[in-house]
Undergrad: 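Attaching a single structure in structure tokens format; questions to follow.
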Amino acid sequence: MSKVRLSNVSKVYEDDILAVEGLDLTVEDGEFVVVVGPSGCGKSTTLRMVAGLETVSHGEISIGETVVNDVRPQDRNIAMVFQSYALYPHMSVRENMSFGLRLAGDDADEIQRRVDDAAEMLEISELLDDYPKQLSGGQQQRVALGRAIVRDPDVFLMDEPLSNLDAKLRTQMRTEIQRIQESLGVTTIYVTHDQTEAMTMADRIVILNDGKLQQVAPPEECYDEPNNEFVAGFIGSPSMNFFDVAVTSSNRGAHFESPAGEFTLGIDVPPGEYTFGVRPEDLTAEREGGYIDTIVDVVEPVGSDNYLYLKTTRSTSEVIARVESDFRPEVGDEIELGFDIEDIHLFDADGERMPVTELQMTDSA
Amino acid sequence: MSLAEEYTGTDGDSRLSQSVAHLRRNRRAYLLIAPAAVFLLAVVGYPILETFRLSLYRSPADSTIETFVGLQHYVEIVNSDIFYRLIWQTGRWVLVGVAGKTLLGLLIAVHLKGDIKGRKFFRTAFLIPWGIPYAISAVVFRWIEHPQFGYLNAVLLKLGVIEQGIGILGNPDIAWLGVVVADIWIGTPFMAIIFLAGLQSIPQDLYEAAAIDGAERWHQFRYITLPQLKSVILMATLLSTIWTFVSFDVIWTMTGGGPISTTATLVIHIYQVGLQNGNLGRGAAYSVIGFLFLLLFAIVYLRVYTRGGDEL
């Protein structure tokens, strides 16, 4: 078990493509960190640099107290679970799991004990003599995990390990991986493009975009206080609603003018142009008395809630609201959207978060 | 009666009718492969049968005066010293040749797969020997190994390895090696290309997983590449064995089977006995023996290799 530290790490490919730029990150001993971001954001490259499968162009990666830039994957004492599982097709499950231990020249009894223990933990004891092609996707996934566990590594690296599983199995394996990681207490870096995995599994989420670090924080913090517009839009489903707004001061706080509507909020914001964000689940739909006038375009019931796809009457820009399932308007109905001041987000011209401070003694609108 | 038959109540008669029904259902498929099948029968099936028939006759070149001698040719061949010498010479020719082509092909393929500069150039360049007519390559090698004007001798002399030119192809002890080298040079590109194709189908993440598991390059080759390439190696060496066994032009062009028949293989001997000496019956008998050898080899080889239930 070890701390993993990336200091100003960059990866430039031969064709001058900058995959990762100046990444600083410390993963604490025993921590479960999920690296998340859209395709091509550099998350897999980062993981592969930690694994030693990619060279580091600039900066320094250390595992424990050792700088590993020039240490081969063989010598890093890490274990990795691949998206494709990468099980050795010509080896049985037992041989797959024991391969690393056998190479290390461990004692045969010890190898057997460790493989049996890991198999029991993953409930694959009865599969030990089978070959990968005889296993279902979920079982292969367990074997891949088992192969990582038996090695007793300093760090687990997982590269989208659940993305080839169906939705139900994915949910099940999510909790399983968390359970295993917790009981073993091994430092884990987990890469995914699925923000649900990130939100549910991580101690801390690392959000990357275009090779740059956007935010490192616990899941709730990324959700409640996104560093910037990208994080705000990336975390949460459906995505946050954004409007361009022009803010002017008024005696009752800040006056917002946007294509979506015009309203005054009791907050302290310097005048200027901003991006205003509010999450679909933070919007309240009223027949009247809200801030933004809209017309219902589509109603999407998902069981627990209804997603309303609305068009603003002022500019026909789209807004999504997540409302309770018993509120089910007809298409074409007029609805006014409201929100609480503590649920709004403001971003400056560079997309960076603006602090929103509520004015005392003022009521909204 | 098998269990299935008991259940379906079928017997011999209805099995026949089932076959007929099967033929009817797949009539189009059988019609489409019929021309190829007829062609194969004409150019492969008939000659094999004719060779076997011929081997039962004492036949000079004039085929009108064939005399039936039964298995006499076979008995005489099996009782002759030359037969065992031919087996030995053919055996070492095939064994060393195929081993050389396989190992060299594997070596080249593994390195061509790596990320080296000029990979495309080398891939094309390594194919050249295969594209040159065998007889021409053989002539080139005869020149390379020439005692007075040969390249090889010149280099060895310059390096001081030898004091005077050696006639490799004229020396009964080593002439076969001189020919095998040419054959390996010609046959290696095929192996390399086949192996390269096989290597490229091995997923890269297996190597990455192995590296993280602690596998050194040699381990990766031993535990990933070789097992993954097994069926490709099996097919390539099987084909190469058959081709090397029946290869004629390289040996014939370089040595004509000499000196004192030390480079003669079964195929060279068949040509000499059957066509040069006009003893078609004896040549045919040798051919049948060679055919049976290859057939037996292929069957045993495939059996041994697919024992684990692997599919090719």
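Just so it is clear, the values below take in all heavy atoms, side chains as well, and ignore hydrogens, waters and symmetry mates. Throughout, a chain's letter reflects where its sequence line sits, starting with A, and its residues are numbered from 1.
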Undergrad: Between D213(B) and Y223(B), does any side-chain donor sit less than 3.5 Å from a side-chain acceptor?
TA: no

Undergrad: Output yes when R113(A) and E110(A) qualify as a salt bridge under the 4.0 Å nitrogen-oxygen rule, no when they do not.
TA: yes

Undergrad: R102(A) versus chain B, heavy atoms under 4.5 Å apart: side chain, backbone, both or neither?
TA: neither

Undergrad: Quick test of your reading of the model: are K101(B) and D183(B) salt-bridged, counting only N-O distances below 4.0 Å?
TA: yes

Undergrad: Select one option (side chain, backbone, both, neither) describing which atoms of E216(B) are under 4.5 Å from chain A's heavy atoms.
TA: both

Undergrad: One pair to check against salt bridge (Lys or Arg N to Asp or Glu O under 4.0 Å): E31(A) and R204(A). What are the steps and the verdict?
TA: CA-CA 8 Å; E31(A) 194 181 15; R204(A) 280 191 304 155; 2.5 Å; yes

Undergrad: What distance do F245(B) atom CZ and F293(B) atom CZ have between them, rounded to the nearest 0.5 Å?
TA: 6.5 Å

Undergrad: Out of Q74(A), R48(A), M80(A), which one racks up the most heavy-atom pairs below 4.5 Å with chain B?
TA: Q74(A)

Undergrad: Check each atom of F82(A) against the heavy atoms of chain B and say whether the ones under 4.5 Å are side chain, backbone, both or neither.
TA: side chain

Undergrad: Just so I understand: if I count every heavy-atom pair under 4.5 Å between each of A51(A), A144(A), P89(A), G52(A) and chain B, which residue has the most?
TA: P89(A)

Undergrad: When heavy-atom pairs shorter than 4.5 Å are enumerated against chain B, which of N77(A), L157(A), L103(A) gives the highest number?
TA: L103(A)

Undergrad: So does R76(A) pair up with D154(A), basic N to acidic O under 4.0 Å?
TA: no

Undergrad: With a 4.5 angstrom heavy-atom cut-off, could you sort out which part of L53(A) is near chain B: side chain, backbone, both or neither?
TA: side chain

Undergrad: Which atoms of A104(A) come close to chain B, meaning under 4.5 Å heavy atom to heavy atom: side chain ones, backbone ones, both, or neither?
TA: neither

Undergrad: Taking side chain as C-beta onward, heavy atoms only, is Q228(B) less than 4.5 Å from L199(B)?
TA: no

Undergrad: So which part of L87(A) gets closer than 4.5 Å to some heavy atom of chain B, the side chain, the backbone, both or neither?
TA: backbone

